[in-house]
There are 2 protein chains.
Amino acid sequence: MNFEVYHNLVEALHKAGYRLTPQRLAICRYLASGREHPTPAAVYARVREQVPTISLATVYNTLALLRQLGLITEMGADASGVRYETDTHPHANLICLQCGRVVDAPLPDLAHVQAVLAAQNAFELRSLRLDAYGLCPDCRRTSMPLATETMSYA
Amino acid sequence: MNFEVYHNLVEALHKAGYRLTPQRLAICRYLASGREHPTPAAVYARVREQVPTISLATVYNTLALLRQLGLITEMGADASGVRYETDTHPHANLICLQCGRVVDAPLPDLAHVQAVLAAQNAFELRSLRLDAYGLCPDCRRTSMPLATETMSYA
DNA sequence: CTATAATTTTAGAATGATTCTAAATTCATA
DNA sequence: TATGAATTTAGAATCATTCTAAAATTATAG
Ligand SMILES: [Mn+2]
Ligand SMILES: [Mn+2]
Ligand SMILES: [Zn+2]
Ligand SMILES: [Zn+2]
């Protein structure tokens, strides 16, 4: 677990006046435990190992709360639902069309891209999302024909 | 309506051996009619004006078919469901956090970005999606506080 | 022009993620 | 310890999407 990330989450909740319940702390611990891009169902499954009585509703509530506070961001939904980002810094996501894995990738000039976009359009930009679809190393090896069904984004 | 786009869609369907039914043609006509990023429900609503007996299932089926053929692409789902792209060329989408409007924006160096990503990672990239969130000109004027509820992506 | 079979459409049922609800629990505070 | 606000919980409700099986359409062969 990344203690710094964990501490950020907990402190932000506390500063915003929310109670640090065992359920919320367990969810934060899980979110700070890796570079995953979990669905609510995945969070529920993993956190339940630590807090067996937690409900799915609380997972949804807490994720929504953390999002309101800007501590996590929501990705678009794939076949198994929404996914959450724990890294709020601008970066690209490499998404495997075969297995659904999401890997973070740094991309130095994202701020530059946003600046160009903002300059050329009347939009007032707040954030950027860059998703790249393809085959992860593992799935590249077991190179199946890549069913056009599998994942819908192209 | 953009006849060139329409013709592309129809011809691709025909070449792939699919029947050019009134329902499919009406959907293609609608898709070629503007730069929208419609949801299946929106397609259904508009096409129904021309083909009142069409079913929602047919809309879903046809959109899935056009996607399989690579003629349209699917965007992530927002509050009202998936949206479809009729422009398959690489471009950025400017998405209004207030009203949900989606506007296409050219971005010259997208190919370059993809090349950099591919070079730095073991992923075999197929496509790129660049979504920028902010306030459209209209919503900027009527500058409400931008409810954190409204749209979830940040 | 029929008959037959494949394709397509359709309405409605089923599914599954997400949200809502109302009651029970926990917690801060007096 | 008593009170009230915040939180959690299980289950119901919602809503987009998918599935199903029957009806309609269309291509093709005789
Ligand atoms: Mn990420
Ligand atoms: Mn677009
Ligand atoms: Zn993979
Ligand atoms: Zn707007």
Side-chain angles (χ1 to χ4, degrees), chain A residues 9-10 13-28 30 37-45 47-48 50-69 72 74-84 100 147-153, chain B residues 9-10 13-28 30 37-45 47-48 50-69 72 74-84 100 147-153:
Chain A
L9 294 175
V10 172
L13 279 176
H14 183 236
K15 275 188 183 165
Y18 292 100
R19 294 187 187 161
L20 304 179
T21 65
Q23 291 89 342
R24 285 174 178 161
L25 293 177
I27 290 172
C28 290
Y30 170 64
H37 294 71
T39 61
V43 176
Y44 179 55
V47 169
R48 204 138 74 120
Q50 312 300 323
V51 185
T53 64
I54 197 173
S55 72
L56 186 54
T58 293
V59 172
Y60 273 98
N61 288 340
T62 302
L63 290 173
L65 177 57
L66 293 174
R67 179 173 69 66
Q68 278 174 34
L69 296 175
I72 61 180
E74 198 178 310
M75 300 181 63
D78 63 15
S80 43
V82 230
R83 291 180 177 277
Y84 282 92
T148 173
E149 302 298 333
T150 318
M151 298 244 121
S152 41
Y153 306 92
Chain B
L9 294 175
V10 172
L13 279 176
H14 183 237
K15 275 188 183 165
Y18 293 99
R19 294 185 187 162
L20 304 179
T21 65
Q23 292 89 342
R24 285 174 179 162
L25 293 177
I27 290 173
C28 290
Y30 170 64
H37 294 71
T39 61
V43 175
Y44 179 56
V47 169
R48 204 137 74 120
Q50 313 299 323
V51 185
T53 64
I54 198 175
S55 71
L56 186 53
T58 293
V59 172
Y60 273 97
N61 288 341
T62 303
L63 290 173
L65 177 57
L66 293 174
R67 179 174 68 68
Q68 276 174 36
L69 297 175
I72 60 179
E74 199 178 309
M75 302 180 63
D78 62 14
S80 41
V82 227
R83 290 179 178 279
Y84 282 91
T148 173
E149 301 299 332
T150 317
M151 297 245 124
S152 42
Y153 305 92

Novice: Is any side-chain heavy atom of Leu13(A) closer than 4.5 Å to one of Leu66(A)?
Specialist: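 Counting from C-beta outward, Leu66(A) and Leu13(A) do come under 4.5 Å.
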Novice: Report the distance from atom OH of Tyr84(B) to atom CD1 of Ile27(B), rounding to the nearest 0.5 Å.
Specialist: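 Answer rounded to 0.5 Å: 10.5 Å.
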Novice: Under a 4.5 Å cut-off applied to non-hydrogen side-chain atoms, are Val43(A) and Thr62(A) in contact?
Specialist: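 Answer no - side chains too far apart.
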Novice: Please tabulate, one pair per line, each protein N/O and nucleotide N/O from nucleotides 1-6 of chain D that are separated by under 3.5 Å, including the distance.
Specialist:
unit_1, atom_1, unit_2, atom_2, d
dA6(D), O4', Arg19(A), NH2, 3.1

Novice: Does Tyr60(B) have a side-chain nitrogen or oxygen under 4.0 Å from the phosphate oxygens OP1 or OP2 of dT18(D)?
Specialist: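 For Tyr60(B), the contact criterion (side-chain N or O under 4.0 Å from OP1 or OP2 of dT18(D)) is not met.
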Novice: Report yes if at least one side-chain N or O of Thr21(A) is closer than 4.0 Å to OP1 or OP2 of dT8(D); otherwise report no.
Specialist: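 For dT8(D), OP1 or OP2 has a side-chain N or O of Thr21(A) closer than 4.0 Å.
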Novice: Is Thr39(A) touching bases, backbone alone, or none of the nucleic acid, heavy atoms closer than 4.0 Å?
Specialist: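 Touches nothing.
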Novice: Mapping Asn61(A) and Leu56(A) onto DNA chain C by nearest heavy atom, which one lands closer to the 5' end?
Specialist: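 Closest to the 5' end, via its nearest nucleotide, is Leu56(A).
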Novice: Hey, which of these two, Pro22(A) or Pro22(B), hits DNA chain D nearer its 5' end, going by closest nucleotide?
Specialist: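 Looking at DNA chain D, the more 5' nearest nucleotide goes with Pro22(A).
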Novice: When the distance from NE2 of His14(A) to P of dT7(D) is rounded to whole Å, what number comes out?
Specialist: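 After rounding, the reported distance stands at 12 Å.
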Novice: For Leu13(A) and dT8(D), give me the distance from atom CG to atom P, rounded to whole Å.
Specialist: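 To the nearest whole Å, that distance equals 10 Å.
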Novice: Is there side-chain contact between Leu65(B) and Arg24(B), with at least one heavy-atom pair below 4.5 Å?
Specialist: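 Of all side-chain heavy-atom pairs linking Arg24(B) with Leu65(B), at least one is under 4.5 Å.
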Novice: Do the side chain of Arg83(A) and the main chain of His37(A) share a donor and acceptor less than 3.5 angstrom apart?
Specialist: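 Side chain of Arg83(A) to backbone of His37(A): a pair is present.
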Novice: I'd like to check the side-chain contact (heavy atoms from CB on, under 4.5 Å) partners of Tyr44(B); sequence neighbours left out, ordered by chain and number.
Specialist: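 So Tyr44(B) forms a side-chain contact (heavy atoms from CB on, under 4.5 Å) with Arg48(B), Ile54(B), Leu56(B), Val59(B).
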Novice: Check Ala16(A) against Leu69(A) and note the closest heavy-atom contact, atom names and distance.
Specialist: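 The answer is CB-CD2, 3.9 Å.
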Novice: Could you list where the contact with chain A starts and ends along DNA chain C, reading 5' to 3', using a 4.0 Å heavy-atom cut-off?
Specialist: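 That gives a stretch of dA17(C) to dC27(C).
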Novice: Does Val82(A) reach the side chain of Met75(A), with side-chain heavy atoms less than 4.5 Å apart?
Specialist: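 No. Closest side-chain heavy atoms not under 4.5 Å.
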